[in-house]
Amino acid sequence: MIEPYLRQVTCQQLFFANLQGPKNGGPRVGKAGRRVLKMPRLPEPHRVTTTSTQLTLFTATRDFRRFDRELHADLANPWLIQARQAARALGEARGWSRRITSDVNRALVIVLSGFREGESIRYSELFPALRVRGLPVVRIAEVLDRFGLFTDDRAPAVDRWLERNLDGMPPGIHRAVEAWIRTLLDGGPRPEPRSRHTAWAYLGEIQPVLLEWSSRYDHLREVTREDIIAVRDAVTGKQRESRIVALRSLFRHAKKNGQIFRNPTIRIRVPRQTGGVLQALVQADIDEAIATASTPDIRLIVALAAVHAARPKMIRAVQLDDVDLGNRRITVGGHVRPLDDLTRRAVLDWLDHRRSRWPNTANPHLLITQRPPSNSARPASSGPPEPPATSPPPWNGSASTDSLKRPLPTAPTRSTSRSSSASTRRPPSATATPLGSF
């Protein structure tokens, strides 16, 4: 039937494969291109099913201080049951002692016995009731926050700090300084956030100057170059340089945001202080450092500082995964370094002490202490060292015979967390946190 038509065909248009689509990519054409991809639905978070929900007419402050366990405890509350299960799992991961676990359970019974869906527990309600009973507030807030039941109604610490330090300044100076400090802390469209210690140091350095100007001026626009030179010459040494650096940052920010017309700190120079010449340690200093290292933690700190030039923050941040005893490598401050014999002996001695002192801790840091921080994943701040239970003999720079005969563990994380016998009694303060004792 189609033969007559085929005889009339004199040419045929050929096409190369895969050239019918758009040149610059994009969605597929044709029937397949008209199909809309259906994204998989995310699983809904698990919620406690209750028989009824009480709508909130107004929010009233609850007083948990009047709680009586015999009268008000409701151990069958579904929110309380789930919160206690979450607290038990969190305690196992954090290495809570039996006393801490019991205190957390007591506090959960107090705050969740009469809890209903849709409510929220505020910090201002939680703190007075738990503090008067000696129960942990931070840990309870963490457990409640996992279920979305906690509301922190405290004023931010930076707001209270600014209110104290900017008190007494006129509105013109107050607004400019507050905007500058918040830009230092939070960053802006272009500037990166600075360390909070930088903001504290800057404002602490020029706060007396700002208060003195506040008695004469109402705005930073009234400050002249002569005022800057006068406050510069009022101090000497390193403080002079720090004051000028802080004032430059303040007026540069004010000029950039249109709060002043002219920057009075331009072309005001301060000669830099020349640094001192590094001196070699004498033998008496070395002997004193060795005599001071009488505990395993101090021995390891001295070894890391002397051999690997590690600063206190670097030493506090070292984790178990950073120590590779099998390959004799250690990571300090993000740099992988060979593990020398002195540091290796100090690490082995410390790991033995850590296993016997905190056998059930899950803390990832290498150096830990008994003081609990709010977040166990972050190194603690500096503080006084914990006194040892028994004072071992002074260290002479060499390992004991027992430490040299030990087999070399291949997995530092597994060999330093749970390797004690079942008969070992756990210390009363076995909640381990990153070391901050130097």
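The chain is numbered in sequence order, starting from 1. The model shown is predicted, which means the values in this text are computed figures rather than measured ones.
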Quiz item: Within the side chain of N363, is there an N or O that forms a donor-acceptor pair under 3.5 Å with the backbone of H365?
Solution: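 Answer holds: yes.
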[X]: what forms a side chain to side chain donor-acceptor pair (under 3.5 Å) with it, not counting sequence neighbours?
| X | value |
| --- | --- |
| S242 | none |
| Y217 | D227 |
| H353 | none |
| D159 | R182 |

Exercise. Decide, yes or no, whether a salt bridge links R240 with E205 under the criterion of side-chain N to carboxylate O below 4.0 Å.
Key: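 Salt bridge absent between R240 and E205.
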Quiz prompt | Sequence neighbours excluded - salt bridge (charged side-chain N to carboxylate O under 4.0 Å, His left out) pairs with any residue from residues 244-255 | solution =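 Those involving residues 244-255 do not exist here.
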Quiz item: Given side chains that start at C-beta, do those of T343 and R337 come closer than 4.5 Å, heavy atoms only?
Solution: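 T343 vs R337: side chains apart.
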Exercise. Could you check if a side-chain atom of K313 sits within less than 4.5 angstrom of a side-chain atom of R316, using non-hydrogen atoms only?
Key: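 Heavy-atom side-chain distance check passes, below 4.5 Å.
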Quiz item: What residues form a salt bridge (charged side-chain N to carboxylate O under 4.0 Å, His left out) with R329, not counting sequence neighbours?
Solution: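 Applying salt bridge (charged side-chain N to carboxylate O under 4.0 Å, His left out) to R329 gives none.
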Practice problem: With sequence neighbours left out, write down each residue that passes salt bridge (charged side-chain N to carboxylate O under 4.0 Å, His left out) with D145, or none if nothing qualifies. | Solution: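 None.
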Quiz item: Who are the side-chain contact (heavy atoms from CB on, under 4.5 Å) partners of V231, not counting sequence neighbours?
Solution: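 Testing V231 for side-chain contact (heavy atoms from CB on, under 4.5 Å), a comparison that skips the adjacent residues, returns V209, W213, R243, L247.
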Quiz prompt | R221: partners by side-chain contact (heavy atoms from CB on, under 4.5 Å), with sequence neighbours left out | solution =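 Listed in chain order: H219, I260, F261.
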Quiz item: What's the spacing between L126 CG and L144 CG if we round to 0.5 Å?
Solution: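 Between L126 CG and L144 CG, I get 6.5 Å after rounding to 0.5 Å.
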Exercise. Any chance you could measure L250, atom CG, to I173, atom CD1, to the nearest 0.5 Å?
Key: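 That separation rounds to 9.5 Å.
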Practice problem: May I have all residue pairs that pass ring-ring contact (aromatic ring centres under 6.0 Å, His included) and include part of residues 124-151, sequence neighbours excluded? | Solution: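 Matches after skipping sequence neighbours: Y123-F127.
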For a quick test of your reading: what N or O donor-acceptor pairs under 3.5 Å do the side chains of residues 161-172 make, sequence neighbours left out?
{"unit_1": "N165", "atom_1": "ND2", "unit_2": "W161", "atom_2": "O", "d": "2.7"}

Exercise. Take the angle between the ring planes of W79 and F115 and call it parallel below 30°, perpendicular above 60°, tilted in between.
Key: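 Correct class here is perpendicular.
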Could you pull out all donor-acceptor pairs under 3.5 Å where a side-chain atom in residues 83-90 meets a protein atom, sequence neighbours excluded?
none

